[in-house]
Novice: 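Please read through the structure below; I'll follow up with questions.
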Amino acid sequence: MSLLLLFSGAALGEEKFDDAKWQAWVPAGWKILIGTTGGLNQADTDDAVLVLEEDNPKKRTEDPTGNSGREANLNGRRLLVLFHTTSGYRKVVETDRFLPSQNQEGNQCTSWSIQDVQVRHWQLHVLLHHEFACGSGTGGDSKFVFRYQDGRFRLIGLDASFAARDTDRTLSVNYLTGKQIFASGNFDDEKMERKSDIPEQKKHIYLDQIKPAYCYDLSDSFSENKCK
């Protein structure tokens with residue numbers, strides 16, 4: 001059921017990703033956070049995935065909550081997928097909506113990090129982590145799996161988790177079968193598991209139109225309607 005695969009080692013391939021090779025795809029005022037290569041288009045070529053972050057000092061501000069005087073980073077992040085062709089690389093999808101900035105305006109205690117981006121088995125895997133950094137010790141992980149089909153990257157799997165002082169929640173969604181498993185409980189007891197079907201119209205979610213990743217976290221309860 002679960003599409004979650006543990007990450008290990010460097011991103012796909014064994015070679016270190018060479019940022020300098022991809023600078024032509026980085027606009028002025030942006031930088032590469034993560035990059036990886038691998039086959040995404042069922043062809044024997046190395047496609048590329050870049051995670052970019054805006055590098056604007058004015059979007060790095062003092063945390064207005066006063067917690068430890070830490071900096072809040074509101075610079076946006078971009079996910080860019082390039083396909084390798086006989087004439088070079090071409091942009092397939094570019095989205096500034098999906099990946100959260102490290103902090104968000106009005107919610108600067110929550111910090112989002114991109115743990116890894118990989119190409120595996122012709123699929124794009126994006127692993128994110130978020131935590132409440134103002135003293136509660138809560139946080140969670142989310143893993144998105146996309147597959148290129150019919151000219152777009154379709155979301156085929158989502159695995160998410162959330163942990164607080166006495167709460168543990170997990171979710172696994174298979175968008176191909178329309179099945180999902182949600183489990184919740186505390187750390188001392190066995191979690192209660194609930195299986196359900198997702199509506200047919202919710203099965204087809206694509207990277208170019210997907211809601212921000214924080215709309216899928218389990219901080220409250222999973223709902224794709226958390227974000228408009």
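No hydrogens, no waters, no symmetry mates; every other heavy atom, side chains included, goes into these values.
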Novice: Could you tell me how the ring of Phe98 sits relative to the ring of Phe144: parallel (under 30°), tilted (30 to 60°) or perpendicular (over 60°)?
Specialist: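 The rings of Phe98 and Phe144 stand perpendicular, inter-plane angle above 60°.
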
Novice: With no hydrogens and no angle check, is any side-chain donor or acceptor of Glu94 less than 3.5 Å from a backbone partner on Lys91?
Specialist: no

Novice: Examine distances only and state if a side-chain atom of Asp197 and a backbone atom of Lys179 form a donor-acceptor pair shorter than 3.5 Å.
Specialist: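 A pair under 3.5 Å: no.
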
Novice: So do Lys203 and Arg154 actually touch side chain to side chain, heavy atoms under 4.5 Å?
Specialist: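 Arg154 reaches Lys203 side chain to side chain.
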
Novice: If only atom types and distance count, is the side chain of Ser113 paired as donor or acceptor with the main-chain N or O of Gln115 below 3.5 Å?
Specialist: no

Novice: Quick one: side chain to side chain donor-acceptor pair (under 3.5 Å) partners of Asp55, sequence neighbours excluded?
Specialist: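 If we apply the side chain to side chain donor-acceptor pair (under 3.5 Å) test to Asp55, skipping adjacent residues, there are no hits.
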
Novice: Would you please classify the geometry between the Tyr148 ring and the Phe153 ring as parallel, tilted or perpendicular, with 30° and 60° separating the classes?
Specialist: tilted

Novice: Looking only at side chains, do Asp159 and Ser172 share a donor and an acceptor under 3.5 Å apart?
Specialist: yes

Novice: In sequence, state the C-alpha distance, the side-chain angles, and the governing distance for Tyr175 and Gln180, and then conclude on side-chain contact (heavy atoms from CB on, under 4.5 Å).
Specialist: CA-CA 8 Å; Tyr175 288 93; Gln180 66 179 10; over 6 Å; no

Novice: Answer yes or no: is there a side-chain heavy-atom contact under 4.5 Å between Leu74 and Asn56?
Specialist: no

Novice: Under a 3.5 Å threshold, yes or no: a donor from one side chain and an acceptor from the other, between Gln209 and Arg152?
Specialist: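 Checked: Gln209/Arg152 side chains pair up, N/O donor to acceptor below 3.5 Å.
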
Novice: Dump the intermediate steps for side-chain contact (heavy atoms from CB on, under 4.5 Å) on Phe83 and Tyr89, then the final yes or no.
Specialist: CA-CA 5 Å; Phe83 278 177; Tyr89 283 89; 6.0 Å; no

Novice: For the side chain to side chain donor-acceptor pair (under 3.5 Å) test, which of Gln102, Glu54, Glu105 pairs with Lys59?
Specialist: Glu54

Novice: Does Asp96 form a salt bridge (Lys or Arg N to Asp or Glu O under 4.0 Å) with Arg77? I'd like the steps, not just the answer.
Specialist: CA-CA 6 Å; Asp96 292 356; Arg77 289 167 172 169; over 6 Å; no

Novice: Search all heavy atoms of Asn73 against all heavy atoms of Asn103 and return the closest pair with its distance.
Specialist: N-OD1, 2.7 Å

Novice: Is there a path of hydrophobic side-chain contacts, each under 4.5 Å between heavy atoms, that joins Ile198 and Ile210?
Specialist: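 Same hydrophobic cluster.
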
Novice: I want to check something: taking the side chain as every heavy atom from C-beta on, are Leu99 and Ile114 in contact at a cut-off of under 4.5 Å?
Specialist: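 Yes - at least one pair of side-chain heavy atoms lies under 4.5 Å apart.
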
Novice: Tell me the closest heavy-atom pair linking Ser101 and Asn75, and the distance in Å.
Specialist: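 Heavy-atom minimum between the residues: CB-O, 3.1 Å.
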
Novice: What residues form a side chain to side chain donor-acceptor pair (under 3.5 Å) with Thr85, not counting sequence neighbours?
Specialist: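 Checked Thr85 against side chain to side chain donor-acceptor pair (under 3.5 Å); matches are Ser87.
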
Novice: For a 4.5 angstrom cut-off between non-hydrogen side-chain atoms, does Leu128 reach Pro100?
Specialist: yes

Novice: Would you please say whether a donor-acceptor pair under 3.5 Å links the side chains of Asp46 and His84?
Specialist: no

Novice: Between side-chain atoms of residues 17-30 and protein atoms elsewhere (two or more places apart, or another chain), which donor-acceptor pairs fall under 3.5 Å?
Specialist:
| from | atom 1 | to | atom 2 | distance (Å) |
| --- | --- | --- | --- | --- |
| Asp18 | OD1 | Ala20 | N | 3.2 |
| Gln23 | NE2 | Asp19 | O | 3.3 |

Novice: Taking the side chain as everything from C-beta on, heavy atoms only, tell me whether Leu82 gets closer than 4.5 Å to Val92.
Specialist: no

Novice: Minimum heavy-atom separation for Val93 and Asp208, please, with both atom names.
Specialist: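 So the minimum-distance heavy-atom pair works out to CG2-CB, 4.0 Å.
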
Novice: Return yes if a side-chain donor-acceptor contact under 3.5 Å exists between Ser111 and Glu131, otherwise no.
Specialist: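 Glu131 and Ser111 do not have a side-chain donor-acceptor pair below 3.5 Å.
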
Novice: Using side-chain heavy atoms (C-beta onward) and a distance below 4.5 Å, is Val119 in contact with Val49?
Specialist: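 Val119 vs Val49: side chains touch.
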
Novice: Quick check on side-chain contact (heavy atoms from CB on, under 4.5 Å): which of Leu80, Val126, Leu79 does Val51 satisfy it with?
Specialist: Leu79

Novice: Stepwise, does the side-chain contact (heavy atoms from CB on, under 4.5 Å) test hold for Phe162 with Thr138?
Specialist: CA-CA 8 Å; Phe162 174 78; Thr138 64; 4.0 Å; yes

Novice: Can you tell if the side chain of Arg147 reaches within under 4.5 Å of the side chain of Leu176, non-hydrogen atoms only?
Specialist: yes

Novice: Please test Leu158 against Asn174 for side-chain contact (heavy atoms from CB on, under 4.5 Å), starting from the C-alpha separation and ending with a verdict.
Specialist: CA-CA 7 Å; Leu158 169 65; Asn174 186 322; over 6 Å; no

